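Keep in mind it's a predicted model, so treat the numbers as computed, not measured. Worth knowing before you read on, the calculation uses all heavy atoms, side chains too, and leaves out hydrogens, waters and symmetry mates. Letters A, B, ... are given to chains in the order of the sequence lines, protein chains preceding strands, and every chain is numbered from 1.
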2 protein chains.
Amino acid sequence: MDKNANPEKGHICESINNSVKPDLSDLYDLAELYKVFGDMSRVRILVALTGGERCVYHLAEHLEMGQSAVSHQLRVLRNAGLVRPRREGRTVYYALDDEHVSEILEAGLEHVIHKKRGVQ
Amino acid sequence: MDKNANPEKGHICESINNSVKPDLSDLYDLAELYKVFGDMSRVRILVALTGGERCVYHLAEHLEMGQSAVSHQLRVLRNAGLVRPRREGRTVYYALDDEHVSEILEAGLEHVIHKKRGVQ
DNA sequence: CCTTAGTATGAATAAGTGTTCATATATTCA
DNA sequence: TGAATATATGAACACTTATTCATACTAAGG
């Protein structure tokens, strides 16, 4: 088949591998998603949550962050659909929303660790 | 440095799945990596490069960006080790540095598309 | 050499972002 | 009801960052 025939939009996203073809709106969402991962506090929160659900206070204590800062970042993660809250009395427990989240973390970690070991 | 860098906490990064245990420095690098992906211009450049190497001018034209903006972003991608330049005369062709890059893109895209289809 | 094409870079500006502080909301218990 | 605890939110600040403009660099051709 002709793969290089379309100068307009063709070659750029024939499909990243073999799955679905991403359009501009998908790439916008993709960048927004990665923007959420692009902060150490949020990454640490997410990694902490890979060990199971945690309450806000526990997160703040463990990550040595202010409670307000943690809450703010949890909201960002919530709005991005990455974490899910569960209320129990006065306490709110947060958990990863689905397994995609840890998959994304792992894809990045693999790259990071691979680069690190490769350079030294 | 950290006032309370106590590694005895343990539960946070027992290992994300089954691979290597990420430390604080890894998570810093991870956030920095995602920060690079967290911009639509850069994502579009990377996605364009999944179709093979492209020169700067071609990228600028295709993405409807200024040549300077593309160059600036290519430098960010280069410094992050995500793309690799190859000079041929006056033209510089850029390509993805390794297959990890498209894997990371795919992991995010899967999530994005899944969310999109799931909500409606 | 000079000119031209392709790319890179520095400075400036505008827009965005994470944290802190103060305060508000929500829930439990006395 | 009122106090205490857990979390959320708004505003302000410092800081980062993506783009544009102008210019410098690099290679090819005359």
Side-chain angles (χ1 to χ4, degrees), chain A residues 24 27-49 53-95 97, chain B residues 1-4 24 27-49 53-95 97:
Chain A
L24 256 186
L27 297 188
Y28 176 80
D29 295 342
L30 185 59
E32 291 302 307
L33 174 68
Y34 283 131
K35 212 169 285 184
V36 176
F37 282 85
D39 176 82
M40 192 174 181
S41 298
R42 288 191 293 265
V43 163
R44 293 180 74 205
I45 290 175
L46 291 175
V47 170
L49 295 183
E53 64 178 12
R54 303 275 187 270
C55 69
V56 179
Y57 182 78
H58 184 159
L59 286 171
E61 183 185 50
H62 185 91
L63 305 180
E64 294 172 339
M65 294 174 59
Q67 173 268 319
S68 179
V70 172
S71 251
H72 276 296
Q73 300 300 1
L74 282 171
R75 183 154 75 113
V76 175
L77 295 170
R78 228 168 46 218
N79 290 340
L82 300 182
V83 301
R84 182 176 8 98
R86 179 181 68 85
R87 176 145 232 150
E88 190 171 317
R90 291 168 288 205
T91 307
V92 176
Y93 293 92
Y94 279 89
D97 194 348
Chain B
M1 309 294 260
D2 294 333
K3 346 166 176 243
N4 188 14
L24 256 187
L27 297 187
Y28 176 81
D29 295 343
L30 185 59
E32 290 302 306
L33 175 68
Y34 284 130
K35 211 169 285 183
V36 176
F37 281 84
D39 177 83
M40 192 175 184
S41 297
R42 286 191 292 264
V43 163
R44 293 179 74 205
I45 290 175
L46 290 175
V47 170
L49 294 184
E53 64 177 13
R54 303 277 189 267
C55 69
V56 179
Y57 182 77
H58 184 161
L59 287 170
E61 183 184 52
H62 186 92
L63 306 179
E64 293 171 337
M65 294 174 58
Q67 174 267 317
S68 179
V70 172
S71 251
H72 276 296
Q73 300 298 3
L74 282 172
R75 184 154 75 113
V76 175
L77 295 170
R78 230 169 44 219
N79 291 339
L82 300 181
V83 300
R84 181 175 10 96
R86 178 180 67 84
R87 177 144 232 150
E88 189 170 317
R90 290 167 289 202
T91 307
V92 176
Y93 292 93
Y94 280 87
D97 195 347

Worksheet item: By salt bridge (charged side-chain N to carboxylate O under 4.0 Å, His left out), which residues pair with D39(A), not counting sequence neighbours?
Response: none
Worksheet entry | Counterpart residues, ring pair (Phe, Tyr, Trp, His ring centres under 6.0 Å), relative to Y94(A) (two or more places apart) | none
Worksheet item: Under the side chain to side chain contact (heavy atoms under 4.5 Å, CB included) test, which residues partner A60(A), sequence neighbours left out?
Response: V70(A)
Discussion item. According to salt bridge (charged side-chain N to carboxylate O under 4.0 Å, His left out), who are the partners of R90(A), at least two apart in sequence or on a separate chain?
Written reply: none
Worksheet item: With R87(B), which residues qualify under side chain to side chain contact (heavy atoms under 4.5 Å, CB included), at least two apart?
Response: V92(B)
Polar atom pairs (N or O), protein with nucleotides 23-30 of chain C, under 3.5 Å:
none

Discussion item. Looking at the base of dT9(C), is there any donor atom on it, or on the side chain of S68(B), that sits under 3.5 Å from an acceptor on the other one?
Written reply: yes
Discussion item. Can you give me the first and the last nucleotide of DNA chain D (5' to 3') that has an atom within less than 4.0 angstrom of a non-hydrogen atom in chain B?
Written reply: dT17(D) to dA28(D)
Practice prompt. Strictly below 4.0 Å, heavy-atom distances to any atom of DNA chain C: list the hits from residues 69-81 of chain A, or just say none.
Written response: A69(A), H72(A), Q73(A)
Discussion item. The criterion is side chain to side chain contact (heavy atoms under 4.5 Å, CB included); which residues satisfy it with S71(B), sequence neighbours excluded?
Written reply: V56(B), Q67(B)
Worksheet item: Rounding to a whole Å, what distance do you find between Y57(B):OH and dA8(C):P?
Response: 15 Å
Practice prompt. For Y93(B) and dT7(C), give me the distance from atom OH to atom C1', rounded to whole Å.
Written response: 13 Å
Practice prompt. Can you sort out the partners of E88(A) under side chain to side chain contact (heavy atoms under 4.5 Å, CB included), two or more places apart, ordered by chain and number?
Written response: R86(A), Y93(A)
Worksheet item: What residues, two or more places apart in sequence or in another chain, satisfy salt bridge (charged side-chain N to carboxylate O under 4.0 Å, His left out) together with E32(B)?
Response: K35(B)
Practice prompt. Could you tell me how the ring of F37(B) sits relative to the ring of Y34(A): parallel (under 30°), tilted (30 to 60°) or perpendicular (over 60°)?
Written response: tilted
Fill in: Residues forming a salt bridge (charged side-chain N to carboxylate O under 4.0 Å, His left out) with R84(A), sequence neighbours excluded
D97(A)
